[in-house]
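Take a look at the structure set out below.
Since we're looking at a predicted model, the values are computed, not measured. Numbers restart at 1 for each chain; the letters A, B, ... are given by sequence-line order, proteins then strands.
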Protein chains: 2
Amino acid sequence: MTGGKTVETSRVGRPRSEKTRLAILEAAADLLVEGGFSAITIESIAARAGVSKVTIYKWWPSRGSVAIDAYFHRFRQTLTFPDTGNVAEDLLAQMLILIGAFRGRAGEIMAELIGQAQSDPELADTIRTGWMQPRREVTALVIQRAIDRGELRPGLTIPILMDELYGPIYFRLITRYEPLSDEFAQELVRNTLEGVLSTRSSIK
Amino acid sequence: MTGGKTVETSRVGRPRSEKTRLAILEAAADLLVEGGFSAITIESIAARAGVSKVTIYKWWPSRGSVAIDAYFHRFRQTLTFPDTGNVAEDLLAQMLILIGAFRGRAGEIMAELIGQAQSDPELADTIRTGWMQPRREVTALVIQRAIDRGELRPGLTIPILMDELYGPIYFRLITRYEPLSDEFAQELVRNTLEGVLSTRSSIK
DNA sequence: CGCGTTTGTGTACGCATCGTTCATGAAGTA
DNA sequence: TACTTCATGAACGATGCGTACACAAACGCG
């Protein structure tokens, strides 16, 4: 539920300390970067932020929710809407930004957060609505524009195409079977758009 | 490390009790099915199997390794090698078996195991070598045959194509954004092979 | 100004689980 | 029989959890 944002502060009484809120998020983000999700404990955050445990429990329901808030606080990127008129370029541009971030510490932490979400439905929901959803909306726009321009087949199911594009990325992020290289992204986009059958390889 | 298999038993002395080993795996599998990964604790397994904690610690290095051994013990499926002469059919057949299993409890548990693997490198390695690798080898065979037959482009990178096919599956398994339906698998295979560009939609 | 309300602190507690240690007995081989 | 290895049972210190209590701090309102 990411209590840090959804819990309403009442108008009367002592107002919530923004300084304390930020201290908690910064401390949690530091711990995430240094030691990963397992380094996040309510006690460690409280100690590092110079804050009482009770204060954290008051605003966040679980350590997972603090972690994801801290992640967004530090790694949230501005979503770009490329529009070059060429769907391959648009998709690739989006993708390169994402995997560029995922190659660093942000990727390792995201993998851990997704991992924890497998046994924490609330965390899973936060990731879906706070991370996946906005990105999927941007991608859906790019795809819809390409359909409107006649670049893509009109009959295709947009969510499936998005899974084809980003599923492999998250798969590599999580399995670490192969690296998230730029070349991978390039061939991924090309294959997805053009297919892999040899009967069409002569075309273009 | 899945100590249950890799730790060598010496030739002298009291031999390892097979009955105890199976009792541990059965108990762990039961707990997995009933309560998921979080229900797996060394203490709960020991209690259920009627076995000492120390015995478990002797043979497995972590609860994750017991869990994955228990999962394989119960859900290991026989890998099929379809060879119809049509790459689309071969891939789809493989895929339908997998997502059929993933729609059930086995899928939920696999998602949890992958999740835990994000903060347990040893568990991650066990999943790679014990689960992913054998499946990828089968798929690579199917793809290689199709290349040899001339069905697929010779220049394509096989690991990337495999990620295109199975990345979206695991992505849906883990994000639960959309269901793992048979229709999804069908469109996924078709799109992957033929591409999604409209300029080629008229062909065939 | 003083009051009520809400936020934040500090301490302490009971609880659960972890991973390990130790002494002891059981079950095989040489 | 001597030796080795396996398995048990009970106990331990450590860690983090979530909560309770009393108290101090900061704000709006009458």
side-chain hydrogen bond (donor to acceptor under 3.5 Å, both in side chains) contacts in which one or both residues fall within residues 107-119 of chain B, not counting sequence neighbours: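 Sorted pair list: B:Arg105-B:Glu108.
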
Detail all sub-3.5 Å separations between protein N/O atoms and N/O atoms belonging to nucleotides 10-12 of chain C.
none

Of B:Lys53, B:Arg63, B:Arg48, the residue whose pairing with B:Glu43 passes salt bridge (charged side-chain N to carboxylate O under 4.0 Å, His left out):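 Going through B:Lys53, B:Arg63, B:Arg48 one by one, the salt bridge (charged side-chain N to carboxylate O under 4.0 Å, His left out) with B:Glu43 is satisfied by B:Lys53 alone.
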
Round to the nearest Å and state the distance from [X] atom [atom1] to [N] atom [atom2].
X	N	atom1	atom2	answer
B:Glu43	D:dA10	CD	P	13 Å
B:Ile45	C:dC18	CD1	C1'	13 Å
B:Tyr57	D:dC6	OH	P	19 Å
A:Glu18	D:dC27	CD	P	13 Å
B:Trp60	C:dG19	CH2	P	15 Å
A:Ile42	D:dC17	CD1	P	6 Å
A:Arg16	D:dG28	CZ	P	18 Å

Does [N] have OP1 or OP2 sitting under 4.0 Å from an N or O in the side chain of [X]?
X	N	answer
A:Thr55	C:dT7	no
A:Ser17	C:dT7	no
A:Lys58	C:dG8	no
B:Trp59	D:dC6	no

Set of residues satisfying side-chain hydrogen bond (donor to acceptor under 3.5 Å, both in side chains) with respect to B:Tyr57, sequence neighbours excluded: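 So B:Tyr57 forms no side-chain hydrogen bond (donor to acceptor under 3.5 Å, both in side chains) with any residue.
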
What residues, two or more places apart in sequence or in another chain, satisfy ring pair (Phe, Tyr, Trp, His ring centres under 6.0 Å) together with [X]?
X	answer
A:Phe37	none
A:Phe184	none
B:Tyr166	none
A:Phe75	A:Tyr71

Which atom of B:Asp90 lies closest to which atom of B:Arg145, heavy atoms considered: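 So the minimum-distance heavy-atom pair works out to OD2-NH2, 3.9 Å.
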
All N/O contacts under 3.5 Å from nucleotides 26-29 of chain C to the protein, with atom names and distances to one decimal?
from   : atom 1 : to      : atom 2 : distance (Å)
C:dA26 : N3     : B:Arg14 : NH1    : 3.0
C:dA27 : O4'    : B:Arg14 : NE     : 3.4

Sugar-phosphate only, base, or nothing, as touched by A:Ser44 at under 4.0 Å among non-hydrogen atoms: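 Since no nucleic acid heavy atom lies under 4.0 Å of A:Ser44, the category is nothing.
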
Sequence neighbours excluded, which residues qualify as side-chain contact (heavy atoms from CB on, under 4.5 Å) partners of [X]?
X	value
A:Ala146	A:Val87, A:Arg149, A:Glu151, A:Leu152
B:Glu18	B:Arg21, B:Leu22
B:Arg135	B:Gln77, B:Leu79, B:Trp131

Residues within residues 23-41 of chain B bordering DNA chain D, heavy-atom distance below 4.0 Å: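 The stretch gives none, as no residue of it lies under 4.0 Å from the strand.
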
Centroid-centroid distance, A:Tyr177 to A:Phe171, less than 6.0 Å: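 Distance test on ring centres: not under 6.0 Å, no.
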
